[in-house]
Amino acid sequence: MFDASSPRQAVGQVDAAIVAAALVPALIDQATTDTSGAAWLGLGLYCAVAAGALAVRRRWPLTALGCLLTALATTEVVLAAAETKLSPLAVLPLAFALHAVGAHAPPRRSVLALAGGAALTVLGVGVNHATAPEGWRGGSDVLALVAPLPAAWALGLAARGRRDLLAAAERRADDAERDQRLRAERAAAAERGRIARDMHDVAAHSLTLLVVHAETLRARAGELPPWAREDIDAMALAGRRATAEMRELLGVLRDESGRAAPRGPTPGLDRLPELVREAERAGTPVRPRLAPELGRLTGPAQLAAYRLFQECLANARRHAPGAPVWLDGHVADGLAHVTVHCGAPPADHLPTPGAGSGLVGLRERVTALGGALAAAPTEDGGFEVTATLPTPEGSHVATPG
């Protein structure tokens, strides 16, 4: 399991190691340089300031460098005036601070800080010469100690440049990924347009002809028996509804943004009685047993359940005409459980091959909502489709058995 505090802990451990690497050598060397109480007191105070400065060098690099330089110069001047010597290794914290300035400070301020540090060093040597007795005045030895320090600043500057290059490469990669995603979206939009044209040329035209033929028969309803008139009315109604839904789908496909507004209200479980009546008029007995709690499902979940019932009833009429269909639905454990069971087809019925794309689309719709769908033949020769859909109160998904 990922722990958000782990990176901060790692940075803290690195800082502690750097503080130790910068201060411990000076403490060890002081034992062979000067063991007087004044020397240890001065070194201790300087180490306390250096530890605090190094701890914040990444966040405030210029402040950390200024505090370190001031503390070191003051300590050196005071101890030299008291004829007490500080370990030469006390300059090590300055190397880490200069590296942080080069790596984290803006380049222009970084150069100014380096120049300011040099000026402060010169000023400290001047004060040392004015206050310290002969033999305790710094000169070439101070220059030898501070001369290598700009190398640490240069290394920090190089680290900053490498970090900037990596950030630029990441930005370029993000831009390339975004461009690729835009190209894919344009290609998908073009494909949607092509599909919309094909569907309009084939499916919409055929549905229109179906409605026209049904209306023509309705005009001659007086010559037909009552049962035929009812079936023709149902055929015309189904054709008009399918045409309206097809036009809505074509509108969505043609909209490159994918946000086309529906032309009519999105169907939900409140329209299930219409599906049941249509199925029964077509000769399919339907036994709905739906709990009232299903009415609390969200709009997308109700639409998924409606499409599931619609697809299963259509499949029942095609593959098992006349077989009874049971529609069950209830809510339990934060999930809506929906089951459609179709009885066995008549013995003399010839099976109608299908592509199975309807179930694939249903599974994709249900899975997109965080649910699951299963479909399989039953022992009685029928077919059963089971789906689970999340409810507003539920937060987990159970896979149907």
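None of the values given here were measured: they were computed from a predicted structure.
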Nearest heavy-atom approach of Phe383 to Thr378 is N-OG1, 3.8 Å
Judged by atom type as modelled, is there a donor-acceptor pair below 3.5 Å linking the side chain of Gln30 to the main-chain atoms of Leu86? no
To the nearest 0.5 angstrom, please state how far the CD1 atom of Ile18 sits from the NE2 atom of His99. 8.5 Å
Kindly check if the number of other-residue, nucleotide or ligand heavy atoms within 6.0 Å of CZ (Arg163) is above 12? yes
Heavy-atom side-chain proximity of Thr298 to Leu369 below 4.5 angstrom: no
Working to the nearest 0.5 angstrom, can you tell me the gap between Leu303 CG and Leu297 CG? 11.5 Å
Any side-chain to backbone donor/acceptor pair from Arg271 onto Tyr306? Under 3.5 Å, distance only. no
Going through the checks in order, is the side-chain contact (heavy atoms from CB on, under 4.5 Å) test met by Val340 and Glu311? CA-CA 10 Å; Val340 180; Glu311 178 69 19; over 6 Å; no
Interatomic spacing from CG in Leu69 to CG in Leu123 - rounded to 0.5 Å: 11.5 Å
What closest approach, in Å, do Ala39 and Thr84 show between heavy atoms, and which atom pair accounts for it? CB-CG2, 3.2 Å
Using side-chain contact (heavy atoms from CB on, under 4.5 Å), reason through Phe309 and Val338 one step at a time and then give a plain yes or no. CA-CA 9 Å; Phe309 290 138; Val338 178; 3.4 Å; yes
Heavy-atom pair with the smallest gap, counting every atom of Leu149 and Val91: CD2-O, 4.2 Å
State whether the side chain of Asp34 and the backbone N or O of Ser36 hold a donor-acceptor pair below 3.5 Å, judged by distance alone. yes
Validation row: Trp153, Val111 side chains within 4.5 angstrom (heavy atoms): yes
In the structure I gave you, are the side-chain heavy atoms of Thr63 and Val56 within less than 4.5 Å of one another anywhere? no
Least distance between heavy atoms, Pro61 atom then Ala100 atom: CB-O, 3.8 Å
Test Leu272 against Val276 for side-chain contact (heavy atoms from CB on, under 4.5 Å), laying out the working first. CA-CA 6 Å; Leu272 183 60; Val276 173; 4.3 Å; yes
Is there side-chain contact between Leu54 and Leu68, with at least one heavy-atom pair below 4.5 Å? yes
Do you know the tightest heavy-atom contact between Arg57 and Ala64? CA-CB, 3.9 Å
Minimum side-chain heavy-atom gap Val101-Leu62 below 4.5 Å: yes
Side-chain donor/acceptor of Tyr46 to backbone N/O of Ala90, under 3.5 Å: yes
State whether the side chain of Arg160 and the backbone N or O of Ala105 hold a donor-acceptor pair below 3.5 Å, judged by distance alone. yes
Please round to the nearest 0.5 Å and tell me the distance separating atom CG of Asp29 and atom CG of Leu89. 4.5 Å
Out of Leu27, Leu23, Thr33, which one pairs with Leu43 under the side chain to side chain contact (heavy atoms under 4.5 Å, CB included) rule? Leu27
Note: Arg178-Asp175 ion pair, threshold 4.0 Å (strictly below): yes
Keeping the roles fixed (side chain from Thr391, backbone from Gly334), state whether a donor-acceptor pair exists under 3.5 Å. yes
Spatial distance of atom CG (Leu275) from atom SG (Cys312) [nearest 0.5 Å]: 11.0 Å
Quick one: side chain to side chain contact (heavy atoms under 4.5 Å, CB included) partners of Trp326, sequence neighbours excluded? Arg287, Arg289, Pro324, Asp328, His341
Polar side chain donor-acceptor pair, Arg307 to Gln310, under 3.5 angstrom: yes
Quick one, Glu384 with Thr339, criterion side-chain contact (heavy atoms from CB on, under 4.5 Å). Give me CA distance, side-chain angles, the key distance, then yes/no. CA-CA 7 Å; Glu384 187 172 272; Thr339 302; 3.7 Å; yes
Nearest 0.5 Å, please: how far is CG in Asp174 from CZ in Arg181? 9.0 Å
Test Cys342 against every option in Leu313, Val385, Thr284, Val325 by the side chain to side chain contact (heavy atoms under 4.5 Å, CB included) rule and name the one that passes. Val325
Ignoring hydrogens and geometry, is there a side-chain-to-backbone donor-acceptor pair from Thr70 to Cys67 under 3.5 Å? no
Considering non-hydrogen atoms only, spot the tightest contact between Gly343 and Ala323 and give its length. O-CB, 3.7 Å
Is a side-chain N or O of Arg318 found less than 3.5 angstrom from the main chain of Asn315, in a donor-acceptor match? no
